[in-house]
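In what follows, a structure is listed as structure tokens, so that the remarks can point back to it.
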Amino acid sequence: MIGANDPHEGLLSRHEAVLPEWLALYYERPIELTHGEGRHVWDAEGNRYLDFFGGILTTMTAHALPEVTKAIAEQAARIVHSSTLYLNRPMIELAERVVALSGIPDARVFFTTSGTEANDTALLLATAHRRSNQVLAMRNSYHGRSFSTVGITGNSAWSPTSLSPLQTLYVHGGVRTRGPFAALPDQQFIEACVADLRDVLAQNRGGVAALIAEPVQGVGGFTSGPDGLFAAFREVLAAEGILWISDEVQTGWGRTGDHFWGWQAHDAAGPPDMLTFAKGIGNGMSIGGVVARAEVMNCLDVNSISTFGGSPVTMAAGLANLGYLLERDLQGNARRVGGLLIERLRAATAGLDLVREVRGRGLMIGVELVAPGTDEPCPPAASLALEAARRAGLLVGKGGGPGGSVLRIAPPLSLTVQEAEEGAALLAGALHEARAELAG
């Protein structure tokens, strides 16, 4: 144990003295990150790490990206804040780009400061538009930490209260390889999930406002149903007038490689009625938002503003970051380099009984761990692997999925082939080290 006079230990003690116990910290000895560049970060003790988690999928392009830092500085030198009570050129320009990219016809954008607030707003719009507080959500889902979003989160590890202003009905389909339909082929899996949806609706006494769903469940362990699942759901929903909200907080902006938005893997259904976004668009700045059809967005019949949503500084950062991503085809890079990374991880862990599955799309990859020789989730293995990876100079996420036993890998989308190869080798070594520690 480092002494109390050590700067690190002193900072940890100060953290514990003034911040809540439930504010989680990674690692037995938490680290303080002081700066970053590209795909690397450094801690206060000078250790360098390859960052495979990007501040929970938020550093989308690169750390200290010159184009973004320049845009922030230039806008801050002009005006930092004005609120939505005044015309805001950067906000309008970013909204125009997001509308054009969304695929939603006659769309409107409302900017927030986080994904939680974006999902909160989508729920407000859906329930007001439909005059119902009933919401469909997916099992194993996560949509935020506010009172309303906790009420539609289907992952018990992230739902601290059962109290909610909403009546939530949970349906199957978010987890492909576990649960009652896991053994079915894809098409039969979809049919079973649709039958479950119909059954839930048949037992419902009132009109449901919306289905909110992540195309790939983030906190749930980077898991998803087969392509086409939400297209099949949409047929059922549309017949009832039920809105579809695609939670793209983690899947948006090309991270999955094959598509710019996660919903596009189900595009036989056409675009959703609403999509929510956040995280990567700001590259670390606090940006979230909702895109919705004008009919839905304009359904509120009272005044509203956002004090900090659409801040000139964050909008300038978003514009620069989005421009960088599109001009350099980082979606294509996520597809190519992410595919290579998944292949390397699968090859390196083949035969390792600690690893149940390596899954994912693009640069959104989950490694699910189990107790050796079983199919049971093994959170201690995830913790051991997380620590071993850090010691080797690699930062990854953990805690997703069944039992909190999934390692989450989501580097900046500018990841190079060399860095993917290096990270795969480091993570494979960490997993073998964790396996040995479990055996010992």
Side-chain angles (χ1 to χ4, degrees), residues 24-31 49-53 56 139-140 142 154-158 172 174-185 189 216-225 338-361 363-411 420-440:
L25 287 169
Y26 272 174
Y27 308 116
E28 293 179 3
R29 186 171 182 268
I31 60 177
Y49 304 96
L50 180 58
D51 185 4
F52 264 33
F53 202 35
I56 319 178
R139 299 183 184 187
N140 195 51
Y142 174 82
N155 187 319
S156 61
W158 293 87
H172 282 290
V175 181
R176 180 66 185 91
T177 61
R178 287 189 182 273
F181 307 146
L184 298 175
F189 180 96
V216 179
Q217 294 185 331
V219 170
F222 292 175
T223 184
S224 63
L340 170 72
L341 181 54
I342 291 173
E343 286 181 11
R344 294 292 186 268
L345 287 172
R346 285 175 175 164
T349 58
L352 183 61
D353 59 1
L354 187 69
V355 177
R356 179 179 185 267
E357 183 181 22
V358 177
R359 57 176 176 256
R361 288 175 174 239
L363 287 172
M364 194 174 185
I365 303 168
V367 181
E368 185 175 342
L369 306 183
V370 291
T374 76
D375 199 40
E376 295 302 312
C378 189
S383 296
L384 290 171
L386 186 86
E387 295 282 356
R390 183 199 58 78
R391 290 193 295 270
L394 178 71
L395 303 185
V396 298
K398 81 168 180 71
S405 58
V406 178
L407 298 179
R408 292 191 285 161
I409 300 163
E421 299 271 13
E422 176 190 357
L426 292 174
L427 186 57
L431 288 166
H432 281 86
E433 186 176 331
R435 177 64 178 89
E437 289 188 59
L438 282 176

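Treat the numbers as computed from the prediction; the structure is a model and nothing was measured. Residues: numbered from 1 along the sequence shown.
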About how many Å separate [atom2] of [Y] and [atom1] of [X], when rounded to the nearest 0.5 Å?
X	Y	atom1	atom2	answer
Glu343	Leu340	CD	CG	6.5 Å
Leu426	Arg390	CG	CZ	13.0 Å
Glu422	Leu394	CD	CG	8.0 Å
Lys398	Leu386	NZ	CG	6.5 Å

Within a strict 4.5 Å, meaning less than it, do heavy atoms of the [X] and [Y] side chains meet?
X	Y	value
Asp353	Arg435	yes
Leu354	His432	no
Tyr49	Ile31	yes
Leu427	Thr349	no
Leu369	Val355	yes

Measure across [X] and [Y] and return the closest heavy-atom pair with its distance rounded to 0.1 Å.
X	Y	result
Gly366	Phe222	N-CD1, 3.8 Å
Ala385	Ala430	O-CB, 3.8 Å
Val175	Phe189	O-CZ, 3.6 Å
Ala348	Ala428	CB-CB, 3.6 Å
Leu431	Leu352	CB-CD2, 3.8 Å
Leu345	Ala424	CD2-CA, 3.9 Å

Okay, side chain of [X], backbone of [Y]: is any donor-acceptor separation there less than 3.5 Å?
X	Y	result
Arg176	Thr223	no
Arg359	Gly221	yes
Gln217	Arg139	yes
Asn140	Gly220	yes

- request: Assess whether side-chain hydrogen bond (donor to acceptor under 3.5 Å, both in side chains) is satisfied between Ser224 and Arg361, documenting all intermediate values.
  value: CA-CA 10 Å; Ser224 63; Arg361 288 175 174 239; 5.0 Å; no
- prompt: Any ion pair linking Glu368 and Arg178 (charged N to carboxylate O, less than 4.0 Å)?
  reply: yes
task: Run through Leu407, Ile342, Val396 and flag the one making a side chain to side chain contact (heavy atoms under 4.5 Å, CB included) with Ile365.
output: Ile342
message: Are there over 12 heavy-atom neighbours, none belonging to Ile56, within less than 6.0 Å of that residue's CD1?
response: no
